[in-house]
2 protein chains.
Amino acid sequence: MFIGEYQYKVDEKGRLPLPPKFRRELKEGVVLAKGMGEKCIAVYTIREWRRVSDKLAEKALTGANLRRLTRAIHGSAFSASFDGQGRIKLPDTLRVYAGISDTAIVVGANARVELWSQQGWKAEQTVAEEQASQIIETLGA
Amino acid sequence: MFIGEYQYKVDEKGRLPLPPKFRRELKEGVVLAKGMGEKCIAVYTIREWRRVSDKLAEKALTGANLRRLTRAIHGSAFSASFDGQGRIKLPDTLRVYAGISDTAIVVGANARVELWSQQGWKAEQTVAEEQASQIIETLGA
DNA sequence: AGGATTGTGGGGAAAAGTGGGGAAAAAGGG
DNA sequence: CCCTTTTTCCCCACTTTTCCCCACAATCCT
């Protein structure tokens, strides 16, 4: 399970470190893809990528919209692995998509990890906070 | 079960002791997260955190809502463990969120522990007192 | 009163963040 | 097809941060 929020620099070679706490779970390699709906980069374990991918494939049989989404997701996906310092190389296309320049926010989101630009993350937090407090009320004690 | 109210200093390294009475129950490690709704840091046992996390999954929210909530909850969380003196390290993001600078109020809140700034705790108490009398009425005899 | 426990602080070893050089691989042009 | 140019990736190096351990003073309990 991935939790926590971290800030790292993307160096001039496009490399981004991931938190040491995440590395063990990710060390077999990761798949990078566009965040679904959000302007972020999603980082999946191989296993989780397969799960997401299968789920999409099931539903894509019927809907043209979903086929389009599937195409977008798969087309943008990229497998990556770590260097000796625990960094991965971010493909330029995904970096541009997420608006990440020289600083990235790494966010643990349970089964996956997400990469955000500072501005993007701040905006997302603002929206999420409002929504969260409502839903949390329904969780009970 | 956690009860009581304690005051500790946060040292320059961001370390905060927890009351000895709490340590045995927490010694397996804790998860820190934003207080739900309130400007405090919530401290959960691993078990309790899982309970909260599972409850989220049950909600069976769909699409963007689920992703957003997952992100908000897990992203703000942080796992921590004790040093030899019974202290934990508070992540900067959470400290800022709760407005804790060099002194923290540690409050036992049944299944979880909460960390407040002095001002925040005082304000919360004021509000709580007003509401308490009303709520107590509704409890019946 | 005395011993044990606890709050608080700090030093030092280990790990992590960040940057860059150079070999290997890939791409591109003649 | 081969040579040149560019990119990728592996390794090394430096700086900062983290974390583990020790220390001392105050407090609690017996």
Side-chain angles (χ1 to χ4, degrees), chain A residues 2-32 41 43 76-96 100-108 113-118 121, chain B residues 2-32 41 43 46 77-96 100-108 113-118 121:
Chain A
F2 303 106
I3 60 175
E5 175 192 331
Y6 307 83
Q7 175 168 330
Y8 290 104
K9 281 203 171 175
V10 179
D11 68 27
E12 300 196 351
K13 294 181 180 180
R15 298 174 297 187
L16 175 75
L18 293 185
K21 287 185 178 174
F22 292 1
R23 287 178 199 164
R24 184 164 21 145
E25 204 164 342
L26 291 174
K27 69 167 184 293
E28 328 255 316
V30 299
V31 175
L32 307 176
I41 302 175
V43 183
S76 71
F78 205 92
S79 85
S81 51
F82 290 91
D83 69 8
Q85 278 65 42
R87 294 172 292 196
I88 56 176
K89 168 91 169 51
L90 299 183
D92 291 343
T93 51
L94 288 177
R95 263 180 69 186
V96 171
I100 296 171
S101 54
D102 67 341
T103 301
I105 310 294
V106 180
V107 182
V113 176
E114 295 180 345
L115 313 178
W116 294 78
S117 68
Q118 288 173 302
W121 177 238
Chain B
F2 304 105
I3 55 174
E5 176 190 330
Y6 306 83
Q7 173 167 334
Y8 290 103
K9 279 203 171 177
V10 179
D11 68 27
E12 299 196 352
K13 293 182 179 179
R15 298 174 297 188
L16 174 76
L18 292 185
K21 288 185 178 174
F22 292 0
R23 286 177 199 165
R24 182 161 25 143
E25 202 164 343
L26 292 174
K27 70 168 185 293
E28 328 255 315
V30 299
V31 175
L32 308 176
I41 302 176
V43 183
I46 306 284
F78 203 90
S79 82
S81 50
F82 289 90
D83 69 8
Q85 278 62 45
R87 294 171 293 195
I88 55 176
K89 168 96 169 51
L90 300 183
D92 292 343
T93 50
L94 288 177
R95 262 180 70 186
V96 170
I100 296 172
S101 55
D102 68 342
T103 302
I105 311 294
V106 180
V107 182
V113 176
E114 293 182 345
L115 313 179
W116 294 80
S117 69
Q118 288 172 304
W121 177 238

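A, B, ... follow the sequence lines: proteins, then strands. Residue 1 opens every chain. Quick caveat: nothing in here was measured; it's all calculated off a predicted structure.
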| Roughly how many Å is it from CZ in Phe22(B) to C1' in dG7(C), rounded to a whole number? | 16 Å

| request: Round to a whole Å and report the spacing from CG of Asp102(B) to P of dG7(C). | output: 17 Å

| task | Check Arg95(B) against Ile41(B) and note the closest heavy-atom contact, atom names and distance. | result | N-CD1, 4.2 Å

| Under 3.5 Å side-chain donor-acceptor pair for Trp116(A) and Glu114(A) | yes

| said: With a 4.0 Å limit, can you tell me whether Arg23(A) has a side-chain N or O closer than that to the phosphate oxygens OP1/OP2 of dG17(C)? | reply: yes

| Nearest-Å distance, OH (Tyr6(B)) to C1' (dC28(D))? | 14 Å

| said: How many whole angstroms separate atom CZ of Arg15(B) from atom P of dG11(C)? | reply: 11 Å

| request: May I ask you to establish whether Lys89(A) and Phe78(A) are in a cation-pi arrangement, using a distance under 6.0 Å from NZ or CZ to the six-membered ring centre and at most 45° from the ring axis? | output: no

| message | How about CD1 on Ile3(B), more than 12 heavy atoms from neighbouring residues, nucleotides or ligands closer than 6.0 Å, or not? | response | no

| Euclidean distance, atom NZ of residue Lys9(B) to atom P of dT27(D) [Å, nearest integer] | 13 Å

| Non-hydrogen atoms of Pro20(B) and Tyr8(B) that approach each other most closely | CD-OH, 3.8 Å

| field | Any residue of residues 77-88 of chain B with a heavy atom less than 4.0 Å from an atom of DNA chain D | value | Gln85(B), Arg87(B)

| field | Nearest-Å distance for atom pair NZ/P, residues Lys13(B) and dG12(C) | value | 11 Å

| query | Which salt bridge (Lys or Arg N to Asp or Glu O under 4.0 Å) pairs, counting each pair once, include a residue from residues 6-20 of chain B, with sequence neighbours left out? | reply | Asp11(B)-Arg15(B), Asp11(B)-Arg87(B)

| said: Between C1' on dG17(C) and NZ on Lys21(A), what's the gap in Å once rounded to a whole number? | reply: 16 Å

| message | What is the separation between atom CD on Glu12(A) and atom P on dG21(C), rounded to the nearest whole Å? | response | 11 Å

| said: Measuring from the side chain of Lys89(B) (C-beta onward, heavy atoms only), which nucleotide among dT18(C), dA16(C), dT18(D) has the closest atom? | reply: dT18(D)

